[in-house]
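Okay, so here's the structure we're looking at.
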Amino acid sequence: MASAHDSPSFASDIKPLFRPGDREAMEFALDLWSYDDVSQNADAILSRLRDGSMPCDGAWPAGQIEMFQRWVESGTPA
């Protein structure tokens with residue numbers, strides 16, 4: 001897992017944030033366990049995470065949102 005100073009990676013840090021139910025809820029639009037889908041939609045996902053509309057059963061803790069943001073800002077490494 002990435003520390004506060006490391007760039008998070010999708011495989012070890014971002015994908016595990018999405019639970020099976022999150023993936024199922026979003027299957028109509030994208031696969032939250034797919035690097036390609038999440039990286040291509042990262043800005044929209046980050047916006048929804050920030051406004052609390054994603055995931056649908058309650059907002060992520062601030063630390064998880066910050067990790068996703070660091071991943072986006074570091075170029076969405078796999």
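These figures come from a predicted structure and were not determined experimentally.
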Exercise for the section: Enter the distance from R70:CZ to E73:CD here, rounded to the nearest 0.5 Å. Expected result: 9.0 Å

Completion exercise
So CE of M54 and CD1 of I65: to nearest 0.5 Å the spacing works out to 11.0 Å

Handout entry: Working for side-chain contact (heavy atoms from CB on, under 4.5 Å), residues L30 and I45
Key = CA-CA 11 Å; L30 63 128; I45 293 169; 4.1 Å; yes

Practice task
Might you point out which heavy atoms bring P16 and A11 nearest each other, and give the distance in Å?
Solution key: CD-O, 3.7 Å

Problem - Donor-acceptor under 3.5 Å (W33 side chain, R23 main chain) - result: no

Handout entry: Distance, nearest 0.5 Å, that separates CG of D22 from SG of C56
Key = 7.0 Å

Practice task
Just grab all the side chain to side chain donor-acceptor pair (under 3.5 Å) pairs involving residues 36-49, residues at least two apart or on different chains.
Solution key: R48-S53

Problem - side chain to side chain contact (heavy atoms under 4.5 Å, CB included) involving E66 - partner list, sequence neighbours excluded - result: A62

Problem - Gap separating the CZ atom of F18 from the CZ atom of F68, nearest 0.5 angstrom - result: 5.0 Å

Fill in the blank from the handout: With sequence neighbours left out, the residues meeting side chain to side chain contact (heavy atoms under 4.5 Å, CB included) with Q64 are L17, W60, P61

Practice task
Specify the closest pair of heavy atoms between P77 and W71, including all atoms of both residues, with the distance to one decimal.
Solution key: O-NE1, 2.8 Å

Problem - Backbone N/O of S9 and side chain of D13: donor-acceptor pair under 3.5 Å - result: yes

Handout entry: Interatomic spacing from CD1 in I14 to CG in L32 - rounded to 0.5 Å
Key = 11.5 Å

